[in-house]
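Shown next, in structure tokens, is the structure this report addresses.
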Amino acid sequence: MLLLGVQDNSAEVGRLQGEVQRLSSEFNRLQSLVQNELRPMCTAESRFQPINLRIANPQTPILANLLGMVSNPADSCLPADIRVTATYFDPSDTFVCSGTVTIPQAAAVQNTMLEFRPYELEVFVKWWDGATLRQQALVCRDYQRNEIRSPGDAATSLRLYVTVAPKRGGLSTSEIQVTLPRFLRQ
């Protein structure tokens, strides 16, 4: 009889220990959620200033300056992403294809000089990152997710959407539209 009583107590102790561990784990999860909610939300602002929107030949880049601003505190809001979405349209303003490239923003206020090459997707965007000139290709996909290698063959306009997205919430998008003249392929 005494042995059965000890076994019943140890089973009850084991059950209670399991319950304490479950509650402790749930408490830690909730504490983490509360800590994340107490971190400040970030805001962003962007100003996209086109410098050269006239394309004289397929090698002519579109030049634009982006002023991206992200709120403080820096440890919660930076680094931010600058996402450039390029969307090509045909003469009847029908979607041809679209793609996105991402550029880092490390400072709360950052001036980024951008150079877009709408006819050369393999070097679609160039920008200065400190003393280094960087470049990135654009993969342009149609509505069926097929890659379009030369959207300039069908497109007559390009819309560039530039979004500044801080690490924690908030974003700002600016847009420019460019007319794409037709050029004969060499």
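The basis for the numbers below is simple: all heavy atoms, side chains too, and nothing from hydrogens, waters or symmetry mates.
- Taking R134 as the reference, D129 meet the salt bridge (Lys or Arg N to Asp or Glu O under 4.0 Å) condition, with sequence neighbours excluded.
- When all heavy atoms of I103 and L114 are compared, the pair lying nearest together is CD1-CD2, 3.6 Å.
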- Message: Between F89 and T94, does the side chain to side chain contact (heavy atoms under 4.5 Å, CB included) criterion hold? Intermediate values first, please.
- Response: CA-CA 5 Å; F89 295 92; T94 302; 6.0 Å; no
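- Atoms CH2 and OG1, from W128 and T112 in turn, are 13.0 Å apart once rounded to the nearest 0.5 Å.
- For the pair K167 (side chain) and C42 (backbone), a donor-acceptor distance under 3.5 Å is absent.
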- Residues E120, E122; criterion side chain to side chain contact (heavy atoms under 4.5 Å, CB included); working and verdict: CA-CA 6 Å; E120 301 175 56; E122 57 280 346; 3.8 Å; yes
- Message: For V70 and C77: C-alpha separation, side-chain torsions, deciding distance, then whether side chain to side chain contact (heavy atoms under 4.5 Å, CB included) applies.
- Response: CA-CA 7 Å; V70 175; C77 299; 3.6 Å; yes
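- Of the inter-residue distances, the one linking I62 atom CD1 with L180 atom CG reads 6.5 Å to the nearest 0.5 angstrom.
- N146 CG to R141 CZ: the interatomic distance, rounded to the nearest 0.5 Å, is 8.5 Å.
- Under the 4.5 Å side-chain criterion, counting only non-hydrogen atoms from C-beta, R117 is not in contact with T60.
- Contact annotation: the side chain of I55 approaches that of P118 to within less than 4.5 Å [non-hydrogen atoms, C-beta and beyond].
- The two residues Y88 and C140 have their closest heavy-atom pair at CD1-SG, 3.7 Å.
- Contact between P166 and A80 at its shortest, heavy atoms only, is CA-CB, 3.7 Å.
- No single ILVMFWY cluster, assembled from side-chain heavy atoms under 4.5 Å apart, contains both L78 and L67.
- Judged by distance alone, with hydrogens and angles left aside, the side-chain atoms of T85 form no donor-acceptor pair with the main-chain N or O of T100 at under 3.5 Å.
- Pairing each heavy atom of E175 with each of R159, the nearest pair is OE2-CD, 3.6 Å.
- Contact annotation: the side chain of I82 approaches that of L66 to within less than 4.5 Å [non-hydrogen atoms, C-beta and beyond].
- Between P79 and P104 there is no side-chain heavy-atom pair separated by less than 4.5 Å.
- Relative ring orientation between F116 and F48 is described as perpendicular, the plane-to-plane angle rising above 60° on a 0-90° scale split at 30° and 60°.
- The heavy-atom pair separating P61 from E115 by the smallest distance is CB-CG, 3.3 Å.
- To the nearest 0.5 Å, atom CD of residue Q49 and atom CG of residue N111 are 11.0 Å apart.
- In this structure, V125 is a member of the same hydrophobic cluster as V178, with clusters built from ILVMFWY side-chain heavy atoms closer than 4.5 Å.
- Hydrophobic clustering places I176 together with V101 (ILVMFWY residues linked when any side-chain heavy atoms are closer than 4.5 Å, directly or through intermediates).
- To the nearest 0.5 Å, atom CE of residue M69 and atom OG1 of residue T43 are 9.5 Å apart.
- Of the possible donor and acceptor atoms, one in the side chain of Q105 sits under 3.5 Å from a partner among the backbone N and O of A107.
- A heavy-atom distance below 4.5 Å is found between the side chains of K126 and L133.
- Inter-residue side-chain proximity for T179 and T156 is flagged as unmet; no heavy-atom pair is nearer than 4.5 Å.
- No side-chain donor from either of S25 and N28 sits under 3.5 Å from a side-chain acceptor of the other.
- Side-chain atoms of S46 and S174 form a donor-acceptor pair, as typed in the model, at a separation below 3.5 Å.
- Here the closest non-hydrogen pair linking A165 and R83 is CB-NH1, 3.5 Å.
- Taking CD of Q136 as the reference point, atom CG of L121 lies at 12.0 Å (rounded to 0.5 Å).
- Remark: side-chain polar atoms of S76 are not paired, donor with acceptor, to backbone N or O of P73 under 3.5 angstrom.
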